[in-house]
Amino acid sequence: MAKERELIKGEEKLWADIRGYQVATSSARILGELEELTIDEKTGKITDIIIKTDSERNVNVKGAKRNGDLLIVPFGKVEKVGEFIIISG
């Protein structure tokens, strides 16, 4: 039987805790707030984060897709989840 990996203190985050977190690039440019996550139904892994941006701001991230005021960013660009969610810009 596989041994469960030990969690680092503070590693787990609940959706209710992180929804609405500010999302910023690694160069400290605020992109907006975390609106939703896209999860692969087969694997259960997060594939994208969806950021609600201010519709008046022109916010772009390499590899992201725009859908109105939503920015869909591949989860692989997430560098850190702490007080903010940091993504590589």
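Pairs passing the salt bridge (charged side-chain N to carboxylate O under 4.0 Å, His left out) check and including a residue from residues 72-89, sequence neighbours excluded, do not occur.
Side-chain atoms of F75 and I46, non-hydrogen and from C-beta on, do get closer than 4.5 Å to each other. A 4.5 Å side-chain heavy-atom check between L34 and I49 finds at least one atom pair inside the cut-off.
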Exercise for the section: Evaluate the criterion side chain to side chain contact (heavy atoms under 4.5 Å, CB included) for residue pair I87 and V23; output intermediate values, then yes/no. Expected result: CA-CA 7 Å; I87 63 169; V23 182; 4.2 Å; yes
Handout entry: L70 and K52: CA distance, side-chain angles, deciding distance, side chain to side chain contact (heavy atoms under 4.5 Å, CB included) verdict
Key = CA-CA 5 Å; L70 300 177; K52 184 166 181 61; 4.1 Å; yes
Handout entry: side chain to side chain contact (heavy atoms under 4.5 Å, CB included) between I85 and V78, intermediate numbers included
Key = CA-CA 7 Å; I85 296 173; V78 173; 4.2 Å; yes
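In this structure, N67 CG and K65 NZ are separated by 10.5 Å, a value rounded to the nearest 0.5 Å.
Taking each heavy atom of Y21 and F84 in turn, the nearest pair found is CD2-C, 4.4 Å. Considering every non-hydrogen atom in both S88 and S26, the closest pair reads CA-OG, 4.1 Å. Nearest heavy-atom pair, P74 versus A64, reported as atom, atom and distance to 0.1 Å: CD-CA, 4.3 Å.
Results of the side-chain contact (heavy atoms from CB on, under 4.5 Å) test with L71 over I50, D48, V61 single out V61 as the only residue that passes.
Hydrophobic clustering, with ILVMFWY side chains joined whenever heavy atoms are under 4.5 angstrom apart, keeps L37 apart from I86. Hydrophobic clustering (ILVMFWY, side-chain heavy atoms < 4.5 Å, transitive): I30 and V73 are in distinct clusters. Residues I18 and I39 share a hydrophobic cluster, clusters being chains of Ile/Leu/Val/Met/Phe/Trp/Tyr side chains in contact below 4.5 Å. L31 and I72 are not part of a single hydrophobic cluster, where members link through side-chain heavy atoms under 4.5 Å apart.
Ion pair R19/E33 not flagged as a salt bridge, since none of the NZ, NE, NH1 or NH2 atoms sits closer than 4.0 Å to an Asp/Glu carboxylate oxygen.
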